[in-house]
Amino acid sequence: MRNIVILTGAGISAESGIDTFRDAGGLWEQHRVEDVATPEGFARDPDLVLRFYDMRREAIQTKQPNPAHEALARLDRDWDGELLIVTQNVDDLHERAGAGRVLHMHGTHLNAWCTACDARTPWKGPMIDRPACPECGARSLRPDVVWFGEMPYEMDRIHTALRQADLFVSIGTSGAVYPAAGFVQEARAMRVRTLELNLEASQGSRWFHETRQGPASQLVPQWVDEVLGG
Ligand SMILES: [Zn+2]
């Protein structure tokens with residue numbers, strides 16, 4: 001085994017206290033997804049959307065990586081083969097734990113995207129006051145987060161990595177949101193070994209060769225020990 005592709009989802013960040021739109025009572029519950037996470041919602045009420053993402057951006061900066069993030073960072077550091085951590089999460093907890101080989105398929109809270117010049121700029125502060133783009137000066141920044149109805153980033157690179165993988169591991173994802181939910185079937189079609197680590201059986205569990213259930217903060221360090229020790 002030389003080549004590992006990992007998909008991470010909300011379940012790995014939940015243990016760091018980052019809620020998702022699927023959590024009952026979570027931040028998203030006070031807003032309809034259509035209002036705060038679609039291009040149409042942004043066009044309709046940009047203040048609402050910018051304020052919502054300002055809150056999310058501020059909140060994630062108060063959270064810390066957990067043992068699952070730390071274990072994947074250790075794998076990234078010590079694994080000599082190919083590795084790609086594809087994350088659906090828009091926080092930076094993989095990076096803050098020390099992982100480098102990370103691809104944010106749904107973008108990141110910590111970038112501003114200028115819709116005038118297409119520049120992406122690291123961004124930690126608010127956008128509600130329409131700050132100027134550092135590149136072109138236009139006041140056209142939006143969160144660099146992929147909304148519903150928009151195309152996830154770097155799909156070609158992800159498909160290529162899946163085709164070349166020896167092992168595909170899905171961590172903390174519901175198996176409900178495409179295209180990520182289809183990665184396991186794509187991997188299976190290429191005879192890639194597949195493993196799921198999730199808190200509970202997911203909608204996609206039946207597609208995996210092996211499924212382990214439990215908290216990511218326990219399962220992921222155990223699995224990384226197996227990979228690096230074996
Ligand atoms: Zn610009």
Side-chain angles (χ1 to χ4, degrees), residues 5-10 12-13 16 18-22 26-28 30-65 69 73 76 84-161 173 177-180 183:
V5 176
I6 297 170
L7 172 69
T8 69
I12 195 169
S13 290
S16 291
I18 295 180
D19 54 11
T20 73
F21 72 95
R22 286 179 189 280
L27 252 184
W28 296 73
Q30 294 153 39
H31 296 289
R32 299 189 312 152
V33 166
E34 305 91 288
D35 290 336
V36 295
T38 63
E40 295 78 12
F42 185 52
R44 204 161 45 231
D45 191 347
D47 277 3
L48 172 73
V49 175
L50 290 175
R51 201 176 298 115
F52 177 81
Y53 283 91
D54 283 355
M55 283 167 48
R56 304 284 299 172
R57 193 178 310 108
E58 190 177 351
I60 63 160
Q61 292 178 69
T62 68
K63 310 299 184 187
Q64 300 302 326
H69 297 103
D76 182 30
L84 183 62
I85 301 170
V86 178
T87 186
Q88 299 172 280
N89 299 334
V90 291
D91 60 62
D92 64 338
L93 295 181
H94 282 305
E95 287 89 344
R96 271 197 274 146
R101 291 179 272 185
V102 180
L103 187 163
H104 282 271
M105 66 178 290
H106 290 162
T108 162
H109 277 313
L110 295 168
N111 271 353
W113 174 23
C114 176
T115 56
C117 76
D118 204 36
R120 286 174 165 84
T121 308
W123 204 268
K124 289 189 169 178
M127 295 183 195
I128 186 67
D129 293 330
R130 308 302 197 278
C133 168
E135 294 295 321
C136 75
R139 298 186 181 275
S140 307
L141 299 180
R142 59 161 271 188
D144 189 14
V145 167
V146 175
W147 287 327
F148 290 88
E150 296 182 325
M151 183 66 74
Y153 296 155
E154 300 199 65
M155 290 304 295
D156 288 348
R157 194 175 147 211
I158 296 170
H159 291 310
T160 299
T173 90
V177 179
Y178 280 83
F183 291 173

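All ligand and atom numbering here is 1-based and tracks the order in the structure. The basis for the numbers below is simple: all heavy atoms, side chains too, and nothing from hydrogens, waters or symmetry mates.
- The CD1 atom of I12 sits 9.0 Å away from atom CG of L93, with the distance rounded to the nearest 0.5 Å.
- Aromatic pair Y53/H109: centroids less than 6.0 angstrom apart.
- For the Zn ion (ligand 1), the tally of protein N/O/S atoms lying closer than 2.8 Å stands at 4.
- In this structure, the salt bridge (charged side-chain N to carboxylate O under 4.0 Å, His left out) partners of E150, at least two apart in sequence or on a different chain, are R142.
- A distance-only check finds a donor-acceptor pair linking the side chain of Q61 to the backbone of K124 [under 3.5 Å].
- Not counting sequence neighbours, the partners of D54 by the side-chain contact (heavy atoms from CB on, under 4.5 Å) test are R57, P126, M127, I128.
- Under the side-chain contact (heavy atoms from CB on, under 4.5 Å) criterion, E40 pairs with T38, R44, not counting sequence neighbours.
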